[in-house]
Amino acid sequence: MVYKGLIEKYRKFLPVNDTTPVISLYEGNTPLIKAKNFSLKIGINGEIYFKFEGMNPTGSFKDRGMTMAVSKAVEVGSKVIICASTGNTSASAAAYAARAGIKCVVLIPDGKVALGKLSQAVMHRAEVLEISGNFDDALNLAKELSGKYPITLVNSVNPYRIDGQKTAAYEICESLGEAPDYQFMPVGNAGNITAYWKGYKDYNKAEPSKYALPKMMGFQASGAAPIVEGHSIVKPETIATAIRIGNPASWKTAIEARSESNGVIDKVTDGEILEAYRIVAATEGIFCEPASASSVAGLIKYVKLGYFKNNKLGKAVCILTGHGLKDPDTAVYDNVVKPKKVKANMKDIIKGIIDVIEF
Ligand SMILES: *Cc1c(COP(=O)(O)O)cnc(C)c1O
């Protein structure tokens, strides 16, 4: 059957009916990529997979939630949607609003939104307002506006977002033919960890003998780790801007996912995040954004800690939540070497690549 997006594929698990107008960009169905080089590099005995959510239509997993949230908004006649966003939610909301022919308002925190994400919101003609405050301020304002005016809030406090996002867990179960032993993922506003846990529980309930429950391993950035610290963070700071959140909306359900699954929610430093970001790109050819790499940084941290008995991991999936092209500045300026400048002749070019070729 031709793939037509996750609502069509997973209808029976989602709160839609025959009259729901499906607003889709054929999101979902993203690759689960086995990471052999990476496993060798970090020296672990087990199967590691990357779920590359950067392959969604707007380049992040937010599209899974947005197809549901916008379809349901249109179903009830909404003409305007609003979101607070560190970038990817706005890119996705703007695209799905354009697809639906409705308006989109975006509140972004001052500074710190990656260039690629902003360019998407602008291209899809969202009304973008940069507020003098952080993400948490933006979310509070968006909630207030949607309470007072006929505007639908499409942040992950909108339950349809969680419904759409849980389908990624279904896809993983189907690809592996079972659930993984561990799932590693970034935690920001904590909607996604809530969604995955819900998804794994759905499959477990439907076929308990086939689909066990994985341990949920969530990672915040150390400068923005409210759940780990046990209190909200007034000025969250991290290079991983997509998880620069000080007071997660889905805090409680994230804790439940961790506790019910016997997993952990821990933190990784910006240094660890950047290292993981580089290793994934260099060993597997997969370019994810910095926030996504916190899942991999978490896995590396737990391997080093000796968390896995006899260094045996079983099957582990790291969620790569967004595409690296979203944030090219981090890749080019803060991180890797700049391109070497050489004269346009054979001799100088050979000199430039002498380290990587053998004659
Ligand atoms: C939104 C986002 C996250 C965080 O997801 P939450 O549901 O807020 O925890 C992580 N990575 C990327 C790339 C994102 O866009």
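First listed ligand is number 1; within each ligand, the first listed atom is number 1.
- Contact atoms of ligand 1 toward Val187: 9 (O) (distance under 4.0 Å to a heavy atom of the residue).
- One distance of note links NZ of Lys62 with NZ of Lys117; it measures 7.5 Å at 0.5 Å rounding.
- Here the protein heavy atom with the shortest distance to atom 4 (C) of ligand 1 is Ile243 CG2, 3.8 Å.
- Among the atoms of Ala190, some N or O lies under 3.5 angstrom from an N or O of ligand 1.
- Protein heavy atom in closest approach to atom 5 (O) of ligand 1: Phe61 CZ, 3.5 Å.
- Here the protein heavy atom with the shortest distance to atom 7 (O) of ligand 1 is Asn192 N, 2.8 Å.
- Of all the heavy atoms of Thr86, none lies under 4.0 Å from any atom of ligand 1, so neither backbone nor side chain is involved.
- Evaluated for a ring pair (Phe, Tyr, Trp, His ring centres under 6.0 Å) with Phe50, the options Phe38, Phe184, Phe287 yield exactly one hit, Phe38.
- With rounding to the nearest 0.5 Å, the separation of CD1 in Ile319 from CD1 in Ile193 is 10.5 Å.
- Summarising the geometry, atom CG belonging to Leu115 is positioned 10.5 Å from atom OG1 belonging to Thr330; distances are rounded to the nearest 0.5 Å.
- Using a 4.0 Å cutoff on heavy atoms, Ser156 does not count as a contact of ligand 1.
- Aromatic ring centres of Tyr170 and Tyr200 lie farther apart than the 6.0 Å criterion allows.
- Close approach of ligand 1 to Glu289 (heavy-atom distance below 4.0 Å) involves ligand atoms 13 (C).
- Scanning the protein heavy atoms around atom 2 (C) of ligand 1, the nearest turns out to be Lys62 NZ, 2.5 Å.
- Near Gly188, meaning under 4.0 Å from one of its heavy atoms, ligand 1 places the atoms 4 (C), 6 (P), 8 (O), 9 (O).
- Close contacts of ligand 1 with Gly322, meaning ligand atoms under 4.0 Å from a residue heavy atom, involve 13 (C).
- Looking at Ile193 next to ligand 1, no N or O pair under 3.5 Å apart turns up.
- Salt bridge present: Glu237 and Arg244 bring a charged side-chain N and a carboxylate O closer than 4.0 Å.
- Under a 4.0 Å criterion applied to the non-hydrogen atoms of Gly191, ligand 1 contributes the atoms 6 (P), 7 (O), 9 (O).
- Looking only at side-chain heavy atoms (C-beta outward), Pro248 and Pro226 come within less than 4.5 Å of each other.
- Electrostatic pairing of Glu275 and Arg278 does not count as a salt bridge here, judged by no charged N lying under 4.0 Å from a carboxylate O.
- Contact atoms of ligand 1 toward Ala291: 11 (N) (distance under 4.0 Å to a heavy atom of the residue).
- The protein non-hydrogen atom at the shortest distance from atom 11 (N) of ligand 1 is Thr321 OG1, 2.7 Å.
- Of the inter-residue distances, the one linking Leu176 atom CG with Lys34 atom NZ reads 10.0 Å to the nearest 0.5 angstrom.
- Note that CD1 of Ile300 is 8.5 Å distant from CD of Glu272, once rounded to the nearest 0.5 Å.
- Of the protein's non-hydrogen atoms, Asn189 N, 2.7 Å is the one closest to atom 8 (O) of ligand 1.
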